[in-house]
Amino acid sequence: MKHFLSTIDWSRESLQEIIDQAAQLRTSPLNDRLRGKSIALLFLNPSLRTRSSFEIGAFQLGAHAVVLEPGKAAWGIEFETGVVMDGDAEEHITEVAGVLSRYCDAIALRAFPLFKDWSVDREDRVIRALAKHASVPVINMETIVHPCQELALMRTIQDNLGPPAGARYGKKFVLTWTWHPKPLNTAVANSALLIATKFGLDTTLLIPEEAYLLDQQFMQAAEEQAKATGASFEVTTDITEAYSGADFVYAKSWGALSHYGQPEHEAALRAPYKHFMVDEEKMALTNQAKFSHCLPLRRNIKATDGVMDADYCVAIDEAENRLHVQKALMLSLLGSDQ
Ligand code: CP
């Protein structure tokens, strides 16, 4: 049985099939290919885009989505093995996964890291526990990676830059860190690196200082994937160098892993770096690049109004593409030919 936990486990060809089918579904959005099927959407954290696009996407394919919010309108879940469950959680993932696997044809989960100990959170234990105990495909709706966002990003890149020239895409992609009042999840940044390098984009990671490097498992995967395609993968703290000649600029804020679980200290570390905000002057350095962000985005904190309202901003298109790629993913995992 195939899960969709991380694009690391998926070939570029398989991902491209989903991205291609997403374009077809954009043209012809309604069909009955999942009639009678059900998907459980488990949200341990808030969402606007992911929840809407999965629910509506399932509906447009004739399927039913049931949304569950463990700890709110559903029982709290314990994900660790062998613990004495004398805390808030009322049931264990073993039973949750077993029961939902009897009702549904797939289970999707959003479970952000706990922001206490990165050595624990980096193992992505929650979704791996679900995948271990489920007997239907499991879809990651954001943990320490956000693979559905990756699909939408790559659909958007190909919509705007054209298809890859070959194993090496032949375009420059910049992932820039931006300031934010809180130390946010690294998931989208990890994922942006994974998908850009898998598809052979010449990738530049722009960070204010070394503390904002991403976890070694993603840095290493990015290096290896870039090497396999013949593309470059560079890290820089030089804003001008990063933006110069860029074809696609992607912004995200994340907390320094060296200060994980210490938000006050992390805030002091990031305080000098508000100027990493994406603005019109920086975008003018690029090769008439498109700009995007996964959303939600705080205007005039991560990117200026001028950037967000510019013709080159494709963030809304990327959000729309969430719908199309997730429908293609559900067809791939739940379709009758599986
Ligand atoms: N980009 C994204 O996943 O948005 P939501 O958090 O609103 O689902």
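Just so you know, these numbers use all the heavy atoms, side chains as well, and skip hydrogens, waters and symmetry mates. Atoms within a ligand are numbered from 1 in the order they appear, just like the ligands themselves. Since the structure is predicted, the reported quantities are computational estimates derived from the model, not experimental observations.
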Check: Where does Leu295 meet ligand 1, judged by heavy-atom distances below 4.0 Å: at the side chain, the backbone, both, or neither?
Finding: backbone
Note to self: Ring centres under 6.0 Å, that's the criterion: do Phe276 and Trp179 meet it?
What the structure shows: no
Next item on the list: Kindly state whether the ring of Trp10 and the ring of Phe4 have centres lying under 6.0 angstrom apart.
Entry: yes
Is there a donor in the side chain of [X] and an acceptor in the side chain of [Y], or the other way round, less than 3.5 Å apart?
| X | Y | answer |
| --- | --- | --- |
| Glu318 | Thr156 | no |
| Trp118 | Asp215 | yes |
| Gln149 | Ser191 | no |

Notebook entry, point to check: Which ligand 1 atoms are under 4.0 Å away from a heavy-atom of Arg322?
Noted result: 1 (N), 2 (C), 3 (O)
Next item on the list: Using a strict cut-off of 4.0 Å, indicate which atoms of ligand 1 neighbour a heavy atom of Gln149.
Entry: 1 (N), 2 (C), 3 (O)
Which protein heavy atom lies closest to [atom], and at what distance to 0.1 Å?
| atom | result |
| --- | --- |
| atom 6 (O) of ligand 1 | Arg110 NH1, 2.8 Å |
| atom 4 (O) of ligand 1 | Arg49 NE, 2.9 Å |
| atom 7 (O) of ligand 1 | Leu48 N, 2.7 Å |

Any nitrogen or oxygen of [X], main chain or side chain, under 3.5 Å from a nitrogen or oxygen of ligand 1?
| X | value |
| --- | --- |
| Cys294 | yes |
| Arg51 | no |
| Pro296 | no |

Check: So Tyr212 and Trp177, would you call those rings parallel, tilted or perpendicular, with 30° and 60° as cut-offs?
Finding: tilted
Check: Does one hydrophobic cluster hold both Leu295 and Phe43, with members joined at side-chain heavy-atom distances below 4.5 Å?
Finding: yes
Next item on the list: Just go through Glu318, His146, Glu142, His293 and tell me whose heavy atom is the nearest to atom 3 (O) of ligand 1.
Entry: His146
